[in-house]
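Written out below as structure tokens is the structure these notes cover.
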Amino acid sequence: MFFDGAANFKGVGIGAVLMSETGQHYPAFVKLRFPCTNNMAEYEACTLGLKLAIDMNVQELLVIGDSGLLVYQVQGEWATKNTKILPYLYYVQELMKRFTKIEFKHVSRI
């Protein structure tokens, strides 16, 4: 699964794409109607993809994103005290329990 989110003065958009082992793509894109930071948008995009995978009964998932903050927080390598991010982190951790195997990988933006 790939995910990404972005926030700017025009609004907030998020997206996730599930890819099967056979190469089938399942995209999901949403425009959010509430203000949030880029980091919150990244978490929204990740949860969108995780919920899609859960709905499709996926058991093993590789999650790939360019948000180092999200990936390293979810893996427990980085801590956060940001009160706006903590609920997102806890929610992703709860969703992760629905998979038999889940791995997060950070890729650079370039």
Side-chain angles (χ1 to χ4, degrees):
M1 176 191 92
F2 292 90
F3 71 91
D4 201 9
N8 62 33
F9 69 94
K10 291 184 179 182
V12 181
I14 63 171
V17 179
L18 288 180
M19 290 178 26
S20 71
E21 291 177 336
T22 61
Q24 186 72 28
H25 290 69
Y26 302 93
F29 303 95
V30 177
K31 181 176 182 179
L32 301 182
R33 296 185 180 264
F34 58 90
C36 64
T37 66
N38 271 311
N39 290 330
M40 292 166 66
E42 293 283 357
Y43 269 99
E44 288 281 352
C46 183
T47 58
L48 172 70
L50 292 176
K51 290 193 285 187
L52 179 62
I54 290 167
D55 289 347
M56 295 177 71
N57 203 28
V58 172
Q59 296 299 308
E60 296 184 7
L61 188 65
L62 172 61
V63 181
I64 301 170
D66 65 1
S67 172
L69 179 112
L70 183 148
V71 170
Y72 297 125
Q73 285 178 343
V74 168
Q75 291 176 335
E77 295 178 37
W78 291 359
T80 183
K81 295 179 183 176
N82 184 329
T83 57
K84 291 183 179 183
I85 296 295
L86 279 173
Y88 286 108
L89 175 60
Y90 296 149
Y91 187 52
V92 168
Q93 290 170 336
E94 282 301 310
L95 292 175
M96 290 170 60
K97 294 176 183 176
R98 305 280 298 272
F99 299 92
T100 57
K101 181 180 178 184
I102 187 166
E103 180 183 342
F104 283 76
K105 182 177 180 182
H106 175 246
V107 293
S108 66
R109 287 188 169 96
I110 57 171

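Hydrogens, waters and symmetry mates are skipped; everything else that's a heavy atom, side chains included, is used. A quick note: this is a predicted structure, and the numbers were derived from the prediction, not measured.
When all heavy atoms of Cys36 and Ala7 are compared, the closest pair comes out as O-CB, 3.4 Å. Between Ala41 and Ala6, the shortest heavy-atom contact is CB-N, 3.8 Å. Taking all atoms of both residues into account, the shortest heavy-atom contact from Leu52 to Ala28 is CD2-CB, 4.2 Å. Scanning both residues, Ala45 and Gly15, for their nearest heavy atoms gives CB-O, 3.6 Å.
Two residues are said to be in side-chain contact when any heavy atoms from C-beta on lie closer than 4.5 Å; Thr80 and Tyr88 fail this criterion. You'll find the side chain of Asp4 stays beyond 4.5 Å of the side chain of Ile14, heavy atoms only.
The side-chain contact (heavy atoms from CB on, under 4.5 Å) test applied to Met19 returns Phe2, Val17, His25, not counting sequence neighbours.
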Exercise for review: Tell me, with the steps shown, if Phe3 and Leu50 meet side-chain contact (heavy atoms from CB on, under 4.5 Å).
Suggested key: CA-CA 9 Å; Phe3 71 91; Leu50 292 176; over 6 Å; no
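For the side chain to side chain donor-acceptor pair (under 3.5 Å) condition, the pairs that include at least one residue of residues 28-43, sequence neighbours left out, are Tyr43-Gln73. Within the structure, every pair that satisfies the side chain to side chain donor-acceptor pair (under 3.5 Å) test and touches residues 14-24, not counting sequence neighbours, is listed here: Ser20-Thr22. Screening residues 97-110 for side chain to side chain donor-acceptor pair (under 3.5 Å) gives Glu94-Lys97 as the qualifying pairs, with residues at least two apart or on separate chains.
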Solution key, residues 54-70 side-chain donor-acceptor pairs under 3.5 Å, sequence neighbours excluded:
from	atom 1	to	atom 2	distance (Å)
Asn57	OD1	Gln59	NE2	3.2
Ser67	OG	Leu70	N	3.1

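When the shell of 6.0 Å around CZ of Phe34 is examined, it contains more than 12 heavy atoms from other residues, nucleotides or ligands.
In this structure, Phe29 is not a member of the same hydrophobic cluster as Tyr26, with clusters built from ILVMFWY side-chain heavy atoms closer than 4.5 Å. Linking ILVMFWY residues whenever their side-chain heavy atoms come closer than 4.5 Å, directly or via other members, places Val30 and Val92 in the same cluster.
Hydrophobic side-chain contacts under 4.5 Å tie Phe9 to no other Ile, Leu, Val, Met, Phe, Trp or Tyr residue.
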